Amino acid sequence: MKKDYRKAMPILPIRTVMQITNLSARQIRYYEEHELVEPMRTDGNRRLFSLQNVDELLEIQELLEEGVNIAGIKKVFALKRTSNSHTYRGKTISNGELRAIVLREMQALS
DNA sequence: TTTCTCACA
DNA sequence: TGTGAGGA
């Protein structure tokens, strides 16, 4: 938790991110449009990604493969930014459990 | 050379 | 999502 800032520092050009995620530049920019990732910008308007961004991109890939759409991914990500315990139907559950529930509900909708 | 935005036979 | 144009 002490060295997390390292994972947040914007240092990777889109080219590198493409190589480690196997995503096309088009896809990466598309996900940014939908606020799934928010890379930093250089003076010349070039995108700079952090290791955290890469992890987010990789998770987007997984969720997409699981059949979750952009809207669903936004919900899952929203959960990660909130506390670790939630109230669902009167019961207190963990972030992981809620995530599983959201995923199941998103599947049911599609 | 690489990346950016915009637009679509 | 791909691809090419035109610029930085």
Side-chain angles (χ1 to χ4, degrees):
Chain A
M1 292 271 230
K2 202 167 187 176
K3 297 193 290 186
D4 263 18
Y5 69 94
R6 289 175 183 261
K7 301 176 185 173
M9 59 173 43
I11 50 178
L12 285 27
I14 194 168
R15 193 259 230 283
T16 304
V17 178
M18 289 172 69
Q19 295 179 302
I20 50 196
T21 63
N22 278 307
L23 287 169
S24 66
R26 180 77 164 81
Q27 291 174 301
I28 296 171
R29 295 180 185 125
Y30 179 76
Y31 302 149
E32 178 188 23
E33 268 187 76
H34 290 272
E35 305 176 279
L36 265 33
V37 284
E38 39 189 312
M40 197 108 279
R41 295 285 183 144
T42 66
D43 295 337
N45 197 40
R46 258 64 202 193
R47 268 170 272 251
L48 282 186
F49 301 77
S50 66
L51 293 178
Q52 251 174 56
N53 291 152
V54 172
D55 284 340
E56 292 163 356
L57 255 6
L58 292 174
E59 190 169 356
I60 290 173
Q61 269 191 318
E62 296 175 11
L63 260 24
L64 247 26
E65 289 174 24
E66 293 177 52
V68 182
N69 56 36
I70 301 294
I73 296 176
K74 282 188 182 180
K75 292 187 179 182
V76 174
F77 278 19
L79 293 180
K80 311 200 81 171
R81 285 192 287 280
T82 192
S83 66
N84 190 57
S85 67
H86 306 270
T87 297
Y88 182 76
R89 292 181 178 172
K91 298 183 297 181
T92 296
I93 59 180
S94 72
N95 204 325
E97 294 175 308
L98 180 56
R99 176 186 150 127
I101 291 171
V102 172
L103 284 174
R104 173 161 53 62
E105 295 185 342
M106 293 306 295
Q107 300 278 21
L109 291 178
S110 60

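Throughout, a chain's letter reflects where its sequence line sits, starting with A, and its residues are numbered from 1. Below, all heavy atoms of this structure are taken into account, side chains as well, without hydrogens, waters or symmetry copies. Here the structure is a predicted model, which means the values were calculated and not measured.
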**Report entry** d(CG, A:D43; C1', B:dT3) in whole Å
**Finding:** 15 Å

**Report entry** A:Q61 CD to C:dT1 P, straight-line distance once rounded to whole Å
**Finding:** 10 Å

Query raised in the report: Under 3.5 Å, is there a donor-acceptor pair between the A:Q52 and A:D55 side chains?
Result: no

Query raised in the report: Distance check: side-chain N/O of A:R47 vs OP1/OP2 of B:dT3, anything under 4.0 Å?
Result: no

Query raised in the report: Does A:R15 make a side-chain donor-acceptor contact with the base of B:dT2, cut-off 3.5 Å?
Result: no

Query raised in the report: How long is the span from the CG atom in A:L51 to the CZ atom in A:R6, to the nearest 0.5 Å?
Result: 10.5 Å

Query raised in the report: Checking A:S50 side chain against A:K7 main chain: does a donor-acceptor pair fall under 3.5 Å?
Result: yes

Query raised in the report: Hey, does the side chain of A:Y30 come within less than 4.0 Å of B:dT5's phosphate (OP1/OP2), counting only N and O?
Result: no

Query - Side-chain N or O of A:R26 closer than 4.0 Å to phosphate OP1/OP2 of B:dC4 - result: no

Query - Value in whole Å for how far the C1' atom of B:dT5 lies from CZ of A:R29 - result: 9 Å

Query raised in the report: Whole Å only: how far is the CG atom of A:L23 from the C1' atom of C:dG2?
Result: 14 Å

Query raised in the report: Passes side-chain contact (heavy atoms from CB on, under 4.5 Å), A:K75 versus A:V68? Steps please.
Result: CA-CA 10 Å; A:K75 292 187 179 182; A:V68 182; over 6 Å; no

Requested in this report: Give a yes or no on whether A:M40 and A:L57 share a hydrophobic cluster (residues Ile, Leu, Val, Met, Phe, Trp, Tyr; joining criterion: side-chain heavy atoms under 4.5 Å apart).
Outcome: no

Report task. Report the distance from atom CZ of A:R41 to atom C1' of B:dT3, rounded to the nearest whole Å. Result -> 10 Å

Query raised in the report: Could you state the CD-C1' distance from A:E32 to C:dT1, rounded to the nearest angstrom?
Result: 16 Å

Query raised in the report: DNA chain C in dot-bracket, Watson-Crick or G-U pairs under 3.5 Å, [ ] crossing, | other strand?
Result: .|||||.|

Query raised in the report: What is the distance from atom CE of A:M9 to atom CG of A:L48, rounded to the nearest 0.5 Å?
Result: 12.0 Å

Query raised in the report: Tell me, which pairs form a ring pair (Phe, Tyr, Trp, His ring centres under 6.0 Å) where one or both residues lie in residues 42-74 of chain A, sequence neighbours left out?
Result: none

Query raised in the report: Nearest to the side chain of A:N45, which nucleotide is it out of C:dT1, B:dT3, B:dT5?
Result: B:dT5

